[in-house]
Q: 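Below you'll find the structure I mean.
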Amino acid sequence: MSGEAANSPLRHLLPPGRDLENGKGDNKEDEEGQQAARNRGGNGRLDTDSRDTFGGSFQEDAPAPYDAAPPLSRAPSTVHSVHLRDLKPGDLFAISRLRITNRDLEEPPPPPHRNPVVRALRWWRSWALPGAGMFIEAWMIFAIGNIKPLLAIDMPNCFGHQQPYSCDQTASDSVTYVEVSGIIVGMLALGFFADIIGRKWGSRLASTTMLAWAASTLWPQQQRKPRGSTSVQLASQTHCFLPTYAGVGGEYPVASSSAAEKAEGSKAMRRRRGEAVVLVFSQQGWGNLANTLCIVLLLVMQGATDEVTPQQANITWRVQFAVGTAICLAVVVYRWTLLQESKVWKAERHDVAEQLAQKGMRAHHSQQEYKLVIRYYWPRVFATSLAWAAGGFAFYGQKLFQAQFIKMVVPGATVLQQMLYILLNNGVALVGYYCAAALIDRPWCGRMRMQAGGFFMLFLLFLLQGALFSTLENHSGAFQLLYYLSSFFAQLGPNCTTFLTAGEVYPTGVRSFFHGISAAAGKVGALAAAVLFSNISPRAAFYASAGAGLAGLLVTLGFLPDTTGLDLHEIDRMNRYLLADQYSNYRGEAVNPRYLSLFERWRRYDAHYHPEADFAHKELQLHPHLQEAAESLASLSRQASLASIRLSPGSPSSVRLSLFGRPSSVQLTPRSPKPPSSARLGRPASVQLTPVSFELQLTPVATRPASAAGQRLALGQPRAPSSAHLSQRSPRMQRQESKSPRQPE
């Protein structure tokens, strides 16, 4: 072995007999490790590529603004090899390649301005511009439900109930179906392409698609003399709606992924990621409110406060689409001139491309990658898709038919009165968005609890509206209160959380596509509601919505992980281990039980969680956020030291303790002949470790092999931190021992 290799600061990471220079071992066990590495696709030896990995070959060609990781000569020499000795050589070097670039990519926010108006404008700009696409999306989607009474007045022989019909009723009923179908196509298609071409181009493509076809709604109305001419016009406009709403659907995955990654790239906003994403999503509420307000103002300006003429109805619904088109044009100009690419997406794309290149794969996405992601993340796809479908059934289904519900509650209401009631409902819902943004990052609330609570309230409120339907028909105020509360808890619950979690529980490389899959499932639920609600009574519709709330509650409790407080780059790290066939060696926070769902914990996804070992991996990988990892590990150690234990009958006392989120077995042997009165056996008691005199031998349930421990002792390495021998005596016991001979142990 050469002198340079012997003096390497990472020499102690290698098993005995391993030569860093040529990768040859001195014993048979080492040769078997090389053969195992070859079977996994590795070369089994430290060739030039392996040395370049430690030396940072790809960092030399890394594009700005990524900082090159320090080479081997500047690598830390304090790596805890006790957690790496059990790794085979091929696994060790595969893990060492899984480096991640610095994710503090966004500029730090400026200091707060003294002027409160300037502070408010800065805060508004931070989420209003990224959410401008969601504003247009809501304007276009909810306009269909808002203008249906106007279409019935403008074209009574087509959208109304006046006979003879001038158009095919199937074509008139298909407007809603075409809308939802176009949105589903856009969610899947643009969601997939946004992972390949980037968030910036995905946003440009979505808004440009909306603008290119939104002008079709401004076509002048043709004369409908011959029967069937209106059907031809309606069919042509319906076909134009399809690409328009495809662009609308593409906004969902692009906006969520961009907002989540922008917050992840800012050190100041990383712990407020949920708030940032929900504030961007609140632009949907503003778009819905603004569209309704625009219709109200147009009716008032024309003097249509009582009866609405066909001409007034025609002008109103066309002008409101024209206003939406103008706003869409402004959004397109902004995105083509000022919008920047997601820096987190660029960084992860660079890291994954380098990793795939080391495996001989030059493509950024491959069929194998999607198979691996689906194989591991299928419970999350199931949770985000079904929960969104249940929420879409309850929320969007009623939004599409809210005019009919309000007309039932307020019989004989004019179009303007209906719009005012809808405006009030939208204002109540908008408050729900901001309440969700304020609570979503609170540890006591979080994503999963908020979504479960929202589904429960929807179930309860819709169930009450269905069960008391006959009574509430005579008490319109109570009916409106329950209906508005359901809108509020739809936002302070599944509508906001499904949008957020579908962009957090997946890795960056496939985040947009899987968010699109989940959102498309939500629109399938809305489409099912649109079909069902048009064929059943309002009372049955409330019961159906209550059933959807119950289904969403069960799915959320069983399958949805809570990512509150989890950095997204940890999910990316775990995905890198998956791509490198090293998932069984991942020990990081992404498999911490607190961030997993009930189903994932039952499937033992947390079996390999070990924060100390993961810290050693990060030191080996020269992780850029090592200081944050050290602080997190120290926090876990403090939490473990403050853990309370419960005694059970037996001698010596056996205790089970949760240490670093993992169950451990503890043996307690009293240091005195008689245990303290507060810890008598046979009576469970919570005791503090400090004032009680015990010897504690902590042994994790999943113990390491004896051979590994023997190697550590033979090499003179310290004991693993997971095995500790603690001896503490209270002052009272020390005084007793000083007066009497010490009892044998």
Q: With rounding to the nearest 0.5 angstrom, report the CZ to CG distance, F456 to L557.
A: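 Separation between the atoms: 11.0 Å.
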
Q: State whether the side chain of E264 and the backbone N or O of V344 hold a donor-acceptor pair below 3.5 Å, judged by distance alone.
A: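 No: the side chain of E264 does not pair with the backbone of V344.
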
Q: Given L500 and F281, is the side-chain contact (heavy atoms from CB on, under 4.5 Å) satisfied, shown in steps?
A: CA-CA 9 Å; L500 171 64; F281 188 56; over 6 Å; no

Q: N146 pairs by side-chain hydrogen bond (donor to acceptor under 3.5 Å, both in side chains) with which of N291, N426, T316?
A: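 That would be N291.
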
Q: Check whether E137 reaches the backbone of G133 with its side chain - one donor and one acceptor, N or O, closer than 3.5 Å.
A: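 Not confirmed, E137 side chain does not pair with G133 backbone.
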
Q: Judged by atom type as modelled, is there a donor-acceptor pair below 3.5 Å linking the side chain of R380 to the main-chain atoms of V505?
A: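 Yes; at least one donor-acceptor contact below 3.5 Å.
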
Q: In terms of heavy-atom contacts, does CZ of R122 have more than 12 from other residues, nucleotides or ligands at under 6.0 Å?
A: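 Yes - once you tally the heavy atoms of other residues, nucleotides and ligands closer than 6.0 Å, there are more than 12.
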
Q: Ignoring hydrogens and geometry, is there a side-chain-to-backbone donor-acceptor pair from S342 to S258 under 3.5 Å?
A: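 No.
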
Q: For the residue pair F479 and F542, categorise the inter-ring angle as parallel (less than 30°), tilted (30 to 60°) or perpendicular (more than 60°).
A: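 Answer is tilted, since the angle falls between 30° and 60°.
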
Q: Output yes when a side-chain donor or acceptor of S256 lies under 3.5 Å from a complementary backbone atom of Y252, and no otherwise.
A: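 It does not hold such a pair.
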
Q: Taking the side chain as C-beta and beyond, is there a heavy-atom pair between T556 and T497 under 4.5 Å?
A: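 Answer no - side chains too far apart.
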
Q: Aromatic rings F135 and W139: how do their planes relate, parallel, tilted or perpendicular, breaks at 30° and 60°?
A: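 Tilted.
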
Q: Check whether E341 reaches the backbone of R199 with its side chain - one donor and one acceptor, N or O, closer than 3.5 Å.
A: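 Checked: pair present.
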
Q: For Y484 and Y421, run ring-ring contact (aromatic ring centres under 6.0 Å, His included): C-alpha distance rounded to whole Å, both residues' side-chain angles, the deciding distance at 0.1 Å, then the answer.
A: CA-CA 10 Å; Y484 292 155; Y421 275 107; 7.4 Å; no

Q: Under 6.0 Å between ring centres, would you say that holds for F489 and F459?
A: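 Not under 6.0 Å, so no.
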
Q: Measure from NZ or CZ of R449 to the centre of the six-membered ring of W444, then state whether that distance is under 6.0 Å and the direction lies within 45° of the axis.
A: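 No, cation not above the ring by the 6.0 Å, 45° rule.
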
Q: Report the C-alpha separation of L492 and M457 in whole Å, then their side-chain angles, then the decisive distance to 0.1 Å, and conclude whether the side-chain contact (heavy atoms from CB on, under 4.5 Å) test is met.
A: CA-CA 10 Å; L492 186 61; M457 291 303 300; over 6 Å; no

Q: Regarding W336 and S207, do their side chains bring together a donor and an acceptor under 3.5 Å, going by distance alone?
A: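 The criterion, which ignores hydrogens and geometry beyond distance, is not satisfied for S207 and W336.
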
Q: Side-chain atoms of residues 327-335: list all donor-acceptor pairs with protein atoms under 3.5 Å, sequence neighbours left out, distances to 0.1 Å.
A:
unit_1 : atom_1 : unit_2 : atom_2 : d
R335   : NH1    : S203   : O      : 3.0
R335   : NH1    : E251   : OE2    : 2.5
R335   : NH2    : E251   : OE1    : 3.2
R335   : NH2    : E251   : OE2    : 3.4

Q: With a 3.5 Å distance limit and no angle check, can you tell me whether T414 reaches the backbone of Q417 through a side-chain donor-acceptor pair?
A: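 It does hold such a pair.
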
Q: Run through F499, F192, Y506 and flag the one making a ring-ring contact (aromatic ring centres under 6.0 Å, His included) with H515.
A: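 With H515 as partner, ring-ring contact (aromatic ring centres under 6.0 Å, His included) holds for just one option, F499.
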
Q: To the nearest 0.5 Å, what is the distance between CD1 on I183 and CD1 on I141?
A: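 Interatomic distance, I183 CD1 to I141 CD1, rounded to 0.5 Å: 3.5 Å.
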
Q: What distance separates S257 OG from F513 CZ, expressed to the nearest 0.5 Å?
A: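 Separation between the atoms: 12.5 Å.
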
Q: Would you please name every residue forming a side-chain hydrogen bond (donor to acceptor under 3.5 Å, both in side chains) with W201, sequence neighbours left out?
A: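 Residues passing side-chain hydrogen bond (donor to acceptor under 3.5 Å, both in side chains) with W201: none at all.
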
Q: So, taking the atom named CG in N115 and the one named CG in L121, what distance separates them when rounded to the nearest 0.5 Å?
A: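 Between atom CG of N115 and atom CG of L121 there are 8.5 Å.
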
Q: Determine whether V381 and S518 satisfy the following criterion, side-chain contact (heavy atoms from CB on, under 4.5 Å), listing intermediate values before the conclusion.
A: CA-CA 7 Å; V381 178; S518 305; 5.5 Å; no

Q: Within the side chain of S266, is there an N or O that forms a donor-acceptor pair under 3.5 Å with the backbone of A263?
A: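 No; zero donor-acceptor contacts below 3.5 Å.
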
Q: Would you call S486 and Q465 a side-chain contact if the rule is heavy atoms closer than 4.5 Å?
A: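 In short, these two side chains touch, coming nearer than 4.5 Å.
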
Q: I'd like to check T498 versus Q451 (side-chain heavy atoms, cut-off strictly below 4.5 Å). Are they in contact?
A: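 A side-chain contact exists here, since the closest heavy-atom pair is under 4.5 Å.
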
Q: Any side-chain heavy atom of L299 sitting closer than 4.5 Å to one from T305?
A: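 They are not in side-chain contact.
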
Q: Take atom CZ in F488; do more than 12 heavy atoms of anything else shown fall under 6.0 Å from it?
A: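 Buried by this count: over 12 neighbours within 6.0 Å.
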
Q: Let me confirm one number: the OG1-CD distance from T384 to E504, rounded to the nearest 0.5 Å.
A: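 One finds 12.0 Å between OG1 of T384 and CD of E504.
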
Q: Would you say the side-chain atoms of T292 pair up with the backbone N or O of N288, donor to acceptor, closer than 3.5 Å?
A: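 Present.
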
Q: For the OG1 atom of T309 and the CG atom of D154, what is their distance to the nearest 0.5 Å?
A: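 CG of D154 is found 9.5 Å from OG1 of T309.
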
Q: Do V555 and F455 come close enough that some side-chain heavy atom pair is under 4.5 Å?
A: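 No, their side chains stay 4.5 Å or more apart.
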
Q: W286 vs Y434 aromatic rings, parallel, tilted or perpendicular, using cut-offs 30° and 60°?
A: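 Rings of W286 and Y434: perpendicular, as their planes differ by over 60°.
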
Q: Would you find a donor on one side and an acceptor on the other, under 3.5 Å apart, between the side chain of Y433 and the backbone of Q284?
A: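 Pair absent, no side-chain N/O of Y433 close to backbone of Q284.
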
Q: Considering only heavy atoms from C-beta outward, does the side chain of S545 approach that of L458 to under 4.5 Å?
A: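 No, side chains not in contact.
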
Q: How close do D441 and R271 get, counting heavy atoms only, and between which atoms?
A: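 Closest pair (atom of D441, atom of R271, distance): CG-O, 3.7 Å.
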
